[in-house]
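Numbers for residues simply follow the sequence, beginning at 1.
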Amino acid sequence: MAIYSAYLPPDGTREDARFIADGPAIFALIVPAVYLIWHRLWQPLMIYVLVAGALALPAMLVPSPWLGLLPALPGFFLMLQGRDLVRADLEHKGWQESQCVEADNEADAELRFFSMDIPHKSVEPVASLVVHVPWKPQIPAAAGIFPE
C-alpha cells in the first residue's frame, strides 16, 4: 500500500482535492520532460532541458558508453524528487496538505479520504497566549561565583 497526501485548494473545498503518492515516480525516469509538462512544472522543465543538454555535450564529444549515461542523471533525480516538486508547486499556489491516506491506488485513496468524517474546523482567535507570572523566582547565588 502507498501513502497518498491529500491537498486541498486555497478555497478549502474537499471536492477538488488532489492526491499525490509518496515514493519514486517511475514515469519521470522514463520520460522526464513529459512528466514535467504533464504536471505543468515549467521552471523545472527549463532547468531539466539545460542540465540534460549540458550533460549530453560530453557524451557527444567523447565516444564512451559510460558518458552516454550522463544525460539520464536528471531523469533519475526527477524519479526520486518529482513528486516533491509537484507538492512544492501546489503549496506555492496556495494548496494546503489536509491529511495522509493509505491506499492501493489513487481511486482507493479518494474513497478513503471522502468516507472519513472530518468535522469542519473553525478558526477562533485566542485572546492571549502569554502567561504572566506574578512573582520572580529567587535563584541563590552559586557560592559567590556570580555577582548580583
Side-chain angles (χ1 to χ4, degrees), residues 1-139 142:
M1 290 193 145
I3 304 293
Y4 288 84
S5 300
Y7 280 86
L8 298 178
D11 60 0
T13 56
R14 289 185 58 157
E15 291 79 23
D16 297 330
R18 289 202 37 200
F19 297 90
I20 300 173
D22 285 344
I26 303 300
F27 185 62
L29 175 65
I30 298 169
V31 278
V34 175
Y35 179 83
L36 293 171
I37 292 170
W38 180 265
H39 291 288
R40 296 180 181 178
L41 299 170
W42 307 118
Q43 290 176 345
L45 176 65
M46 288 187 282
I47 293 170
Y48 167 76
V49 169
L50 291 173
V51 170
L55 291 175
L57 284 175
M60 291 182 348
L61 297 175
V62 179
S64 171
W66 296 109
L67 286 178
L69 295 175
L70 279 178
L73 289 178
F76 184 72
F77 174 78
L78 284 176
M79 178 189 79
L80 297 175
Q81 299 295 323
R83 294 191 178 157
D84 290 333
L85 288 173
V86 174
R87 284 186 186 95
D89 185 54
L90 286 176
E91 290 174 0
H92 177 72
K93 291 178 182 175
W95 292 62
Q96 294 180 353
E97 184 177 6
S98 171
Q99 63 189 35
C100 295
V101 180
E102 184 179 13
D104 290 329
N105 54 31
E106 188 172 343
D108 289 343
E110 289 179 11
L111 286 174
R112 287 185 182 205
F113 177 75
F114 290 119
S115 67
M116 291 181 186
D117 187 23
I118 299 173
H120 181 20
K121 295 180 191 174
S122 62
V123 178
E124 298 177 10
V126 178
S128 175
L129 294 177
V130 178
V131 177
H132 297 285
V133 179
W135 53 274
K136 182 178 176 185
Q138 297 294 328
I139 302 172

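- Taking every heavy atom of both residues into account, Pro71 and Ala56 meet most closely at CG-CA, 3.8 Å.
- Considering every non-hydrogen atom in both Ser115 and Arg112, the closest pair reads OG-O, 3.1 Å.
- Checking Ile47, Val86, Leu45 one by one against Leu36, the side-chain contact (heavy atoms from CB on, under 4.5 Å) holds for a single residue, Leu45.
- The neighbour count for Gln96 CD, taken as heavy atoms of other residues, nucleotides or ligands under 6.0 Å away, does not exceed 12.
- Taking the ring centre of Phe113 as origin, the terminal cationic atom of Arg14 falls inside the region bounded by 6.0 Å and 45° from the ring axis.
- Residues Ser5 and Asp22 approach most closely at OG-OD1, 4.1 Å, considering heavy atoms.
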>> Please evaluate residues Tyr4 and Glu110 with respect to the criterion side chain to side chain donor-acceptor pair (under 3.5 Å), reporting the C-alpha separation (whole Å), side-chain torsions for both, the decisive distance (0.1 Å), and the verdict.
In response: CA-CA 9 Å; Tyr4 288 84; Glu110 289 179 11; over 6 Å; no

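- Contact between Phe19 and Ala109 at its shortest, heavy atoms only, is CE2-O, 4.0 Å.
- Few gaps surround CH2 on Trp42; more than 12 heavy atoms of other groups in view lie less than 6.0 Å from it.
- Annotation: the span from Leu8 atom CG to Asp16 atom CG amounts to 9.0 Å, rounded to 0.5 Å.
- The heavy-atom pair separating Tyr48 from Pro32 by the smallest distance is OH-CG, 3.4 Å.
- The two atoms that bring Ala17 and Phe114 nearest to each other are CB-CZ, 4.5 Å, heavy atoms only.
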>> Show, in sequence, the C-alpha distance, side-chain angles and deciding distance for Lys93 and Asp89, and conclude whether the salt bridge (charged side-chain N to carboxylate O under 4.0 Å, His left out) test is met.
In response: CA-CA 6 Å; Lys93 291 178 182 175; Asp89 185 54; 3.2 Å; yes

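- Under a cut-off of 6.0 angstrom, the local environment of CZ in Arg87 is crowded, with over 12 non-hydrogen atoms contributed by other residues, nucleotides or ligands.
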> side-chain contact (heavy atoms from CB on, under 4.5 Å) between Leu85 and Leu78: does it pass, once the steps are laid out?
Replying inline: CA-CA 9 Å; Leu85 288 173; Leu78 284 176; 3.6 Å; yes

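- Taking the side chain as every heavy atom from C-beta outward, Leu80 and Phe76 approach each other to under 4.5 Å.
- Leu90 is listed as a side-chain neighbour of Ile20, based on a closest heavy-atom distance under 4.5 Å.
- From Tyr7, atom OH reaches atom CD of Glu97 across 4.0 Å, with rounding to the nearest 0.5 Å.
- Taken to the nearest 0.5 Å, the CG atom of Asn105 stands 8.5 Å off from the CG atom of Leu111.
- Heavy-atom neighbours of Phe27 CZ from other residues, nucleotides or ligands within 6.0 Å: above the threshold of 12.
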